[in-house]
**Q** 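Quick one: structure below, then a few questions.
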Amino acid sequence: MSHHYSGPGFGFPRGDARLDFTDLYVFPKPRNASKSILVMNVHPSAVVNPPGPTTAEPFAPEALYEFKIDRDGDAVADIAYRVRFSALEGGSQTATLRRAAGAQAAGTDDGGQAIVDRAPVSVGRDARVTNAGEYRFFAGWRSDPFFFDVQGMLNNQQFTGNDFFADKNVCSIVLEVPNSDLGAQRVSVWARTLIGVAENWIQTDRGALPAQAVFLVGTERDAYLTGQPADDGRFISVFAHALEHTGGYAPEEARRAARTLLPDVLSYDPTRPASFPSNGRTLTDDAGDAFVAIFTNGKMTEDKVGPHSDLLREFPYVGPPHKGA
């Protein structure tokens, strides 16, 4: 189910839904190809087991939310967009956005050049957007744009077209950035969440491609979620073993398929239209079908679920949250 519920037992990292990274989207700005849109979704609104809502506070004030961008192909960040949030007080929360470059972007801290300070977080249906020069920023509750038949997947890929996420919410961080920030060449993008512990930042979740965590269990999953894309080669054999079991791949075929999934980054050329998995990912790209095809070695190619109809034509593009979700 994409990267939702990436903690133990379909739970949350460190038991905190606010730290749970769910999806990453990167695409050119509609009607203005000189800019790009970055969307990081976190904090599913619903608990799976036992069923129920998560906390009403959108983002964790003790956490750091990051977009990481590699410009030279070494899977190490050259640019980082970092977001910190205030505590929820009187029903309100604010955000601060910073941009780091070079060695600082590759590091683990909350420093960088301030772009947005104390931007209002949207806790209701209205999208509160902050403009800052060439940048636009949004953070708050939104309708979850991911679509997939989760129960069909768990029922041995017997898909019925029942979209588990149709009435679910997430918290979105949406950035509009000039392409000059990214560079003219193809880049790699991923997202991560961190928690402040004893004056240190500890990575709690990370990802770019959907559904990667399903290939991992136990200590392997922990190592993956707290690891870095530059070190993802160590997981090729683990992914390959899972693909042999689930998709009936021959050993070498499984390794080739695993190499297409690792390192866990989203490849993106801002000069070309976005289309998952070849270039970025839009809010309507059927990443679930792409995952099913790999997972089953082409035996299944669709889950009979399509994109949501509540997406917006304008920034922040992600639809308003569902009432009472």
Side-chain angles (χ1 to χ4, degrees), residues 1-4 6 20-33 35-42 44 65-71 73 75 77 79 81 138 142-150 163 165 168 170-177 179 181-183 185-193 205-214 229 232 260-295 301-303 305-319:
M1 58 176 71
S2 193
H3 202 81
H4 300 65
S6 49
D20 193 295
F21 161 73
T22 69
D23 279 291
L24 175 68
Y25 304 88
V26 185
F27 52 91
K29 179 181 178 179
R31 301 174 295 282
N32 184 351
K35 293 186 174 182
S36 290
I37 307 299
L38 311 178
V39 181
M40 177 201 312
N41 287 338
V42 299
Y65 300 83
E66 269 194 307
F67 293 96
K68 293 280 210 179
I69 299 166
D70 164 38
R71 300 177 66 171
I79 302 169
Y81 296 103
F138 168 87
R142 293 279 94 183
S143 169
D144 192 341
F146 185 64
F147 48 98
F148 193 61
D149 181 357
V150 174
D163 184 3
F165 300 95
K168 304 298 191 297
V170 287
C171 288
S172 297
I173 299 172
V174 188
L175 300 182
E176 179 183 299
V177 303
N179 288 341
D181 263 22
L182 307 178
Q185 304 298 318
R186 181 173 291 274
V187 297
S188 297
V189 188
W190 65 101
R192 68 175 184 169
T193 62
D205 203 356
R206 60 103 175 189
L209 304 177
Q212 299 286 85
V214 301
D232 278 352
T260 68
L261 301 172
L262 297 167
D264 187 1
V265 296
L266 191 59
S267 180
Y268 174 63
D269 181 347
T271 68
R272 296 176 51 228
S275 179
F276 183 85
S278 61
N279 190 54
R281 181 183 175 189
T282 73
L283 296 169
T284 58
D285 282 338
D286 203 329
D289 282 359
F291 165 72
V292 166
I294 292 176
F295 193 74
T301 58
E302 63 176 357
D303 68 335
V305 175
H308 295 168
S309 61
D310 58 359
L311 301 174
L312 305 179
R313 290 177 54 83
E314 304 294 337
F315 191 91
Y317 306 104
V318 192

**Q** What are the two closest heavy atoms between P28 and A274, and how far apart are they?
**A** CD-CB, 3.7 Å

**Q** Report yes if some heavy atom in the side chain of V150 is under 4.5 Å from a heavy atom in the side chain of F165; otherwise report no.
**A** yes

**Q** Atom CG in D269, atom CD in Q185: separation rounded to 0.5 Å?
**A** 7.5 Å

**Q** Measure from the side-chain N and O atoms of D163 to the backbone N and O of V305, and report whether any donor-acceptor pair falls under 3.5 Å.
**A** no

**Q** Hey, does the side chain of D144 reach the backbone of K168 with a donor-acceptor pair shorter than 3.5 angstrom?
**A** no

**Q** Can any side-chain N or O of E176 pair as donor or acceptor with the backbone N or O of K29 at less than 3.5 Å?
**A** no

**Q** Consider side-chain contact (heavy atoms from CB on, under 4.5 Å). Of V174, V26, V177, which one does I37 pass it with?
**A** V174

**Q** Output yes when a side-chain donor or acceptor of N179 lies under 3.5 Å from a complementary backbone atom of A33, and no otherwise.
**A** yes

**Q** To check you understand the geometry: which heavy-atom pair defines the closest contact between A77 and K68, and what is its length?
**A** CB-CD, 3.5 Å

**Q** Given side chains that start at C-beta, do those of N41 and P145 come closer than 4.5 Å, heavy atoms only?
**A** yes

**Q** Closest heavy-atom contact between G319 and L312?
**A** CA-CG, 4.2 Å

**Q** Can you tell me how far the CG atom of N279 sits from the OG atom of S267, to the nearest 0.5 Å?
**A** 6.5 Å

**Q** Got F146 and T22 here, is their nearest side-chain heavy-atom distance under 4.5 Å?
**A** no

**Q** I need the W190 CH2 to F21 CZ distance, nearest 0.5 Å.
**A** 12.5 Å

**Q** Between the main-chain N or O of P210 and the side-chain N or O of D23, is there a donor-acceptor pair closer than 3.5 Å?
**A** no

**Q** Are I173 and Y81 close enough that some pair of their side-chain heavy atoms sits under 4.5 Å apart?
**A** no

**Q** Crowded around R31 CZ? As in, over 12 foreign heavy atoms under 6.0 Å?
**A** yes

**Q** Heavy-atom distance under 4.5 Å between the side chains of F138 and S172, does that happen here?
**A** yes

**Q** Quick check: does any side chain N or O of D20 sit under 3.5 Å from a backbone N or O of H4, one acting as donor and the other as acceptor?
**A** no

**Q** Is there a side-chain contact between M40 and L175 in this structure, where contact means two heavy atoms from C-beta onward sitting under 4.5 Å apart?
**A** no

**Q** After noting the C-alpha distance and the side-chain angles of D181 and I69, does the key distance pass the side chain to side chain contact (heavy atoms under 4.5 Å, CB included) rule?
**A** CA-CA 10 Å; D181 263 22; I69 299 166; over 6 Å; no

**Q** If you take all heavy atoms of L24 and G207, which pair is closest and at what distance?
**A** CD2-O, 4.3 Å

**Q** Go through the structure and list residues passing side-chain hydrogen bond (donor to acceptor under 3.5 Å, both in side chains) with D286, not counting sequence neighbours.
**A** none

**Q** Side chains of D303 and D289, heavy atoms from C-beta outward: is any pair under 4.5 Å?
**A** yes

**Q** Using the rule given for side chain to side chain contact (heavy atoms under 4.5 Å, CB included), can you reason through Y317 versus V39, listing the C-alpha separation, both sets of side-chain angles and the distance that settles it, and then say yes or no?
**A** CA-CA 9 Å; Y317 306 104; V39 181; 5.9 Å; no

**Q** Give me the atom names and distance for the closest heavy-atom approach of D205 to S6.
**A** OD2-OG, 2.7 Å

**Q** State the CD1-CG distance between I294 and L261, to the nearest 0.5 angstrom.
**A** 5.0 Å

**Q** Is a side-chain donor or acceptor of D264 paired with a backbone partner of L209 at a separation under 3.5 angstrom?
**A** yes

**Q** Under a 4.5 Å cut-off applied to non-hydrogen side-chain atoms, are L182 and Y268 in contact?
**A** yes

**Q** Quick one: CZ on R142 to CG on L283, what's the gap to the nearest 0.5 Å?
**A** 11.5 Å

